[in-house]
Structure formats: structure tokens, C-alpha cells
A.B. asks: 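This is the structure I want to talk about, given as C-alpha cells.
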Amino acid sequence: MTVELACLALNALWGFVLVFVEIYGKTRQAGPAWNAGNRANEPEFAAWVGRAGRALDNHKENFPLFFAGVVVVTLAGQADTISAVGAVTYAVARVLHGVIYIAGITGLRTAVWMVGTLGVLAIYLAIVL
């Protein structure tokens, strides 16, 4: 398995973790009956729970760009050191981004997001070189 594909799998699992962090916070606050119900009326959740949901949303917005880059660079046989470093950079940055987002550290969150974006751009650079 290439470094890029391993990072892809790990990043998909990170998305799974983000789902559970958000639902854990909501269920802990609103109770299991709320979670098992239709959730028609959501209570006011703690700020970190809202940030966990937004971190998950951000992950879902960025993951397809990473996914497509990894698939194309792999299928095209263009995987190299540049794409591997880009994939590792992206995967690490996305985990840090989620943790920092949930913690509520705004300036650093944006900087880490930019680092992850540069990782994806490196993968696409490997495709065109």
C-alpha cells in the first residue's frame, strides 16, 4: 500500500472519530432518549459540541479533494515523494485541525487548515509534473 492510500484510509477513520465525538457530546448532554428519538427539538448544546459538528462539516468538505487527488495520483502511477509528503502533511494537519477546532483555538485552526490545503496541492502537483 502506498503512503498516499494509507493516509487516505487513516483520514477516513478520522472522519469516523469526528462523528463519534459530536454524537457523544450531544448524547451526553441531551440523553440517550434524545439520541434514539427523531431529534426534532435540539437543546442548546455546549460550545465544544457545536465546534465538533463544524469540525466534522469541515472534514466532509475537504475530504473529497484529498480523496480525488490520492485516487488520481495512484491510478496514474504518479505517486512519488512529493505526493507522499503531501498526503502525510494533509493527514496530520486534518487531525490537528479537528482537535484545535473542538478546543476553540481560532488563529491556529486556520493556520493548520492552510497547511493541510498545501498538502493536497502537493498531491495535485505530483499529478501534473
Side-chain angles (χ1 to χ4, degrees):
M1 177 182 304
T2 65
V3 170
E4 295 85 353
L5 289 173
C7 288
L8 179 62
L10 290 172
N11 200 253
L13 290 173
W14 175 245
F16 202 55
V17 169
L18 287 172
V19 168
F20 277 100
V21 168
E22 180 188 20
I23 201 62
Y24 167 79
K26 286 183 172 183
T27 302
R28 182 164 179 193
Q29 201 167 339
W34 170 85
N35 189 354
N38 290 327
R39 302 180 201 149
N41 299 316
E42 287 200 358
E44 185 73 28
F45 291 111
W48 76 266
V49 176
R51 289 191 302 270
R54 291 188 299 280
L56 175 60
D57 290 343
N58 190 276
H59 176 79
K60 291 187 287 188
E61 292 167 358
N62 286 274
F63 185 74
L65 300 170
F66 177 62
F67 179 85
V70 169
V71 169
V72 171
V73 80
T74 301
L75 292 178
Q78 297 290 107
D80 62 7
T81 303
I82 294 171
S83 62
V85 169
V88 170
T89 300
Y90 177 83
V92 171
R94 292 310 302 174
V95 171
L96 290 173
H97 178 269
V99 170
I100 291 167
Y101 204 147
I102 294 166
I105 306 169
T106 56
L108 185 57
R109 180 192 82 217
T110 301
V112 171
W113 178 88
M114 285 189 216
V115 169
T117 299
L118 290 174
V120 171
L121 292 174
I123 295 168
Y124 285 97
L125 182 65
I127 293 168
V128 298
L129 289 182

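Below, each value reflects all heavy atoms present in this structure, side chains not excepted, and no hydrogens, waters or symmetry copies. Here the structure is a predicted model, which means the values were calculated and not measured. Throughout, residue positions are numbered sequentially from 1 according to the sequence presented.
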A.B. asks: Strictly by side-chain hydrogen bond (donor to acceptor under 3.5 Å, both in side chains), give each pair with a member in residues 101-112 just once, sequence neighbours left out.
C.D. replies: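 Those involving residues 101-112 do not exist here.
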A.B. asks: So which pairs with a foot in residues 28-47 pass salt bridge (charged side-chain N to carboxylate O under 4.0 Å, His left out), sequence neighbours left out?
C.D. replies: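 Checked against salt bridge (charged side-chain N to carboxylate O under 4.0 Å, His left out) - neighbours excluded - the pairs reaching residues 28-47 are Lys26-Glu42.
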A.B. asks: In the hydrophobic clustering (ILVMFWY, side-chain contacts below 4.5 Å, transitive), which residues join Leu121, or is it alone?
C.D. replies: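 In the cluster with Leu121 are Leu118.
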A.B. asks: What residue pairs, at least two apart or across chains, pass side-chain hydrogen bond (donor to acceptor under 3.5 Å, both in side chains) with a residue in residues 52-76?
C.D. replies: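 Sorted pair list: Asn58-Asn62, Asn58-Arg94, Asn62-Trp113.
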A.B. asks: Taking the hydrophobic residues Ile, Leu, Val, Met, Phe, Trp and Tyr, and joining any pair whose side-chain heavy atoms are under 4.5 Å apart, which ones share a cluster with Val115?
C.D. replies: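 Val115 shares its hydrophobic cluster with no other residue.
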A.B. asks: If Ile, Leu, Val, Met, Phe, Trp and Tyr residues are connected whenever their side-chain heavy atoms lie under 4.5 Å apart, and connections chain through other members, are Phe16 and Leu5 in the same group?
C.D. replies: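 No, separate clusters.
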A.B. asks: Kindly state whether the ring of Phe66 and the ring of Trp14 have centres lying under 6.0 angstrom apart.
C.D. replies: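 Phe66 vs Trp14: aromatic centres not under 6.0 Å.
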A.B. asks: Quick one: does any side-chain atom of Glu22 pair with a main-chain N or O of Ala55 as donor and acceptor, under 3.5 Å?
C.D. replies: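 No, because the side chain of Glu22 does not come within donor-acceptor range (under 3.5 Å) of the backbone of Ala55.
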A.B. asks: Could you check Val21 against Leu56 for side chain to side chain contact (heavy atoms under 4.5 Å, CB included), going step by step and ending with a plain yes or no?
C.D. replies: CA-CA 9 Å; Val21 168; Leu56 175 60; over 6 Å; no
A.B. asks: Please enumerate all residues that pass ring pair (Phe, Tyr, Trp, His ring centres under 6.0 Å) together with Phe67, with sequence neighbours excluded.
C.D. replies: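 In terms of ring pair (Phe, Tyr, Trp, His ring centres under 6.0 Å), with neighbours along the sequence ignored, Phe67 is linked to no residue.
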A.B. asks: side-chain hydrogen bond (donor to acceptor under 3.5 Å, both in side chains) with Thr27: which residues, sequence neighbours excluded?
C.D. replies: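 Per chain and number, Thr27 pairs via side-chain hydrogen bond (donor to acceptor under 3.5 Å, both in side chains) with Asn35.
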A.B. asks: Check for me, please, whether Ile23 and Val17 land in the same ILVMFWY cluster - side-chain distances under 4.5 Å, paths through other members count.
C.D. replies: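 Linked within one cluster.
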A.B. asks: Could you tell me which residues satisfy side-chain contact (heavy atoms from CB on, under 4.5 Å) with Ala122, sequence neighbours excluded, listed by chain and number?
C.D. replies: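 By the side-chain contact (heavy atoms from CB on, under 4.5 Å) rule, Ala122 matches Ile82.
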A.B. asks: Please enumerate all residues that pass side-chain contact (heavy atoms from CB on, under 4.5 Å) together with Val88, with sequence neighbours excluded.
C.D. replies: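 In terms of side-chain contact (heavy atoms from CB on, under 4.5 Å), with neighbours along the sequence ignored, Val88 is linked to Val3, Cys7, Val92.
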A.B. asks: Would you please test Tyr124 and Val128 for side chain to side chain contact (heavy atoms under 4.5 Å, CB included) and show each step?
C.D. replies: CA-CA 7 Å; Tyr124 285 97; Val128 298; over 6 Å; no
A.B. asks: If Ile, Leu, Val, Met, Phe, Trp and Tyr residues are connected whenever their side-chain heavy atoms lie under 4.5 Å apart, and connections chain through other members, are Phe45 and Ile102 in the same group?
C.D. replies: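 In one cluster with Phe45: Ile102, yes.
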A.B. asks: Roughly how far, to the nearest 0.5 Å, is the CG atom of Leu18 from the CG atom of Leu13?
C.D. replies: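 Leu13 CG to Leu18 CG: 11.5 Å, rounded to 0.5 Å.
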A.B. asks: What pairs with Val72 under side-chain contact (heavy atoms from CB on, under 4.5 Å), at least two apart in sequence or on another chain?
C.D. replies: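 Only Ile127 meet the side-chain contact (heavy atoms from CB on, under 4.5 Å) criterion with Val72.
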A.B. asks: Identify the two heavy atoms, one from Asp80 and one from Ala126, that lie closest to each other, and give their separation to 0.1 Å.
C.D. replies: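 Reported closest heavy-atom pair: OD1-CB, 3.5 Å.
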A.B. asks: Under 4.5 Å between side-chain heavy atoms, counting indirect links through other Ile/Leu/Val/Met/Phe/Trp/Tyr residues: same cluster for Phe63 and Val70 or not?
C.D. replies: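 Yes: a chain of side-chain contacts under 4.5 Å links Phe63 to Val70.
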A.B. asks: Looking only at non-hydrogen atoms, find the nearest pair between Gln78 and Ser83 and report the distance.
C.D. replies: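 Looking at all heavy atoms of both residues, the shortest contact is O-OG, 4.3 Å.
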A.B. asks: Indicate if Tyr24 and Trp34 have the same hydrophobic cluster label, given that clusters are the connected sets of ILVMFWY residues with side-chain heavy-atom separations under 4.5 angstrom.
C.D. replies: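 Yes; Trp34 is reachable from Tyr24 via cluster members.
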A.B. asks: Partners of Leu75 by side-chain contact (heavy atoms from CB on, under 4.5 Å), sequence neighbours excluded?
C.D. replies: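 side-chain contact (heavy atoms from CB on, under 4.5 Å) list for Leu75, sorted by chain: Val71.
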A.B. asks: Return the minimal non-hydrogen interatomic distance between Glu4 and Ala79, and the atom names on each side.
C.D. replies: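 For Glu4 versus Ala79, the nearest heavy atoms are OE2-CB, 3.7 Å.
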A.B. asks: Apply ring pair (Phe, Tyr, Trp, His ring centres under 6.0 Å) to Trp48 and list each qualifying residue two or more places apart in sequence or on a separate chain.
C.D. replies: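 Result, ring pair (Phe, Tyr, Trp, His ring centres under 6.0 Å) vs Trp48: none returned.
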